[in-house]
Amino acid sequence: MTEEQKVIQLADASVIYEEGADPALKNINLTVKQGEFICVLGRSGAGKSTFIRTINALQPLQEGSVQVLNKDLAGLSEKQIRSVRADIGMIFQHFHLIPRLSVLQNVYTGRFGHRPSWKNLLGIFSDQEKETAEHYLSEVGLLEYAGRRVERLSGGQKQRVGIARAMVQEPAVLLGDEPVASLDPTTSDHIFQLLRRLHEDRDLTTIVNVHDVELASAYADRIIGLYEGELVFDGKPGDMNQRTLQSIYR
Amino acid sequence: MVWIRKRFIVYAVLIAAALVLSGIGSEFSLSGLLDQSNTIDFIRENFASLQWNLMPYLLEQSLITLSVAFLGTFAALLIALPVSLLAAENTSRSRAGFYGIRSFLSLVRSIPEIVFGLVFVASLGLGPFAALLAIFFHNVSVLGKLIAELVESSDKGPQEAMMSVGAGRRAGQIFSILPQIWPNVLSHYFYRFEVAIRTSLVLGMIGGGGLGQSLINYYNSFAYESMATAIVLIMVMVIIVDVTGGIVRKRVI
């Protein structure tokens, strides 16, 4: 694998939330290639969210290192970390949209990392940025809702706004922290179809936490299994069997 | 007695003792409370014959009172908003800064507006400007603390989302927190505005101008009917502000 192909590399990565407590992530070693679609499986508390959050430095490591887009996150200043985050889109289980703002305004906030703060505060966006925002709203099928306040949307629609906000960053990596955990099975499947389409159209490296093994098997190129913070499975969906599933969900 | 714990009895005894001591300190009298015939006579005699001819003058004075209350509280809100981000535990840059600003706000808040008013009337002279400054300083500290508490209790999700897109610290905080707390900020603001109208009346009595000054002048010259007219105008003003605040808040939500 060439250096250009490596998008993310974790080496002996450990996260310990409290001194004396069991690590939330234990000596994780793995490499993510450009254009992979990865699903992370594991029970609640297995370390899936912690793993995802180490990639965009929302969760610092206590031991080991994480390199993202050829940058070691440990040595970066706050400004440099913001610059890395601007290239990593993230969607959340509870959407984390900004209430009282419209759908389009929420999507605009995805551009904040690429622009000076004074332009963000004054709400000055170029024609190209407006076009990009509307383009992604159209891609997630919500252009007609652009002016609607986000609290008036359904759960599935809110997650689509979250995806448009992440995509308007024009990210190199897309992370999903349990993006369908609050949604019904049909909507969850639609969201995964959308994520897969965006991934394929842009060769976008995508890592998504999910509880549903069937969804993971149907959409992922690679599955990572975590159990109590340890990496217990790393392979293709076809490599999973009863024994590997038991090691993840024992 | 399953709902009552032993310590509740101790609390009840302590509260009862405090009530008795407060009654003694305030010279509370049950007969005085029940016998309000003099008060009723006073209201009947003076409020029945309002001095409508004073209305143009009193309206002019009430505009001064409103101006003092509005400018004092609105300017205080503009300062309190950024100060509250520094005074909230989750948005302050450092623990020392958080404790320093929170303590400063408590210190300023501990000084009643009338004390500020006495100082400014003595140092700047008679007139509404002294009252304006008194209201401004007190409300910066009150709104600063109240808004800081709203900031602390706001949903962390949008803040995390703004961090994850790489937004600048302050811009991210403003966008993720302000829309969430805005209806409550307005609610606090309109309440403080209403309080400031009453405060500016009191400040008027010590030389801060406006309706309060007219009120104390009528009182000192035993012109109770004129005083009653001013009181009715005050009541109307406070009700209008209260209703307006309710309408604005409803529209914002």
Side-chain angles (χ1 to χ4, degrees), chain A residues 49 52-53 55-59 78-102 105-123 149-151 158 161-162 165-171 173-177, chain B residues 77-86 88 90-95 97-98 147 149-190 245 247-253:
Chain A
S49 290
I52 289 276
R53 291 159 61 88
I55 295 168
N56 62 356
L58 285 178
Q59 177 59 54
E78 198 181 322
K79 195 176 173 189
Q80 288 168 321
I81 284 179
R82 285 209 299 267
S83 159
V84 173
R85 283 179 183 154
D87 291 327
I88 304 173
M90 185 159 182
I91 49 178
F92 302 86
Q93 176 183 351
H94 298 296
F95 326 120
H96 291 355
L97 301 177
I98 298 173
R100 310 177 53 72
L101 294 192
S102 73
Q105 285 170 329
N106 263 280
V107 175
Y108 279 142
T109 64
R111 294 296 303 164
F112 276 12
H114 292 285
R115 299 148 35 85
S117 285
W118 67 269
K119 276 193 172 181
N120 295 334
L121 287 170
L122 295 177
R149 266 166 63 164
V150 287
E151 41 294 27
K158 284 179 183 170
V161 178
R165 176 176 66 186
M167 291 308 295
V168 90
Q169 291 177 243
E170 311 219 288
V173 177
L174 181 64
L175 304 175
D177 189 8
Chain B
L77 177 67
L78 292 182
I79 301 297
L81 279 168
V83 167
S84 65
L85 288 179
L86 303 172
N90 55 333
T91 52
S92 174
R93 267 196 175 275
S94 68
R95 300 292 294 171
F98 160 67
I147 298 172
E149 285 171 358
L150 292 175
V151 169
E152 285 171 354
S153 60
S154 62
D155 180 8
K156 309 277 178 289
Q159 297 169 51
E160 190 171 56
M162 287 300 94
M163 276 172 76
S164 79
V165 301
R169 188 182 161 84
R170 286 293 174 218
Q173 286 172 350
I174 289 168
F175 272 87
S176 58
I177 295 171
L178 208 53
Q180 289 187 58
I181 65 171
W182 192 238
N184 287 328
V185 169
L186 280 183
S187 184
H188 284 319
Y189 170 73
F190 274 103
I247 292 169
V248 171
R249 195 171 177 278
K250 208 177 250 180
R251 282 188 70 90
V252 168
I253 289 170

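Chain A is the first sequence line, chain B the second, and so forth, proteins listed ahead of strands; every chain is numbered from 1. Because only heavy atoms are used, hydrogens play no part in the values below, and waters and symmetry mates are left out as well, while side chains stay in.
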Rounded distance (nearest 0.5 Å) linking atom [atom1] of [X] with atom [atom2] of [Y]:
X       : Y       : atom1 : atom2 : value
K156(B) : H96(A)  : NZ    : NE2   : 11.5 Å
F175(B) : T109(A) : CZ    : OG1   : 8.5 Å
I55(A)  : S164(B) : CD1   : OG    : 13.0 Å
R170(B) : N120(A) : CZ    : CG    : 15.5 Å
E160(B) : H94(A)  : CD    : NE2   : 11.0 Å

Chain B contact via [X] - side chain, backbone, both or neither, heavy atoms under 4.5 Å:
X       : answer
L58(A)  : side chain
R165(A) : side chain
R115(A) : neither
E78(A)  : side chain

Looking at S117(A), P116(A), P99(A), G162(A), which one has more heavy-atom pairs under 4.5 Å with chain B than the rest?
P99(A)
Kindly determine whether I98(A) and M162(B) satisfy side-chain contact (heavy atoms from CB on, under 4.5 Å), including the steps that lead there.
CA-CA 9 Å; I98(A) 298 173; M162(B) 287 300 94; 3.9 Å; yes
When only pairs under 4.5 Å are counted, which of A161(B), G168(B), P179(B) shares the most heavy-atom pairs with chain A?
P179(B)
Given a strict heavy-atom distance threshold of 4.5 Å, which part of R169(B) is in contact with chain A: side chain, backbone, both, or neither?
both
When you compare the side chain of R100(A) with that of P183(B), does any pair of heavy atoms fall below 4.5 Å?
yes
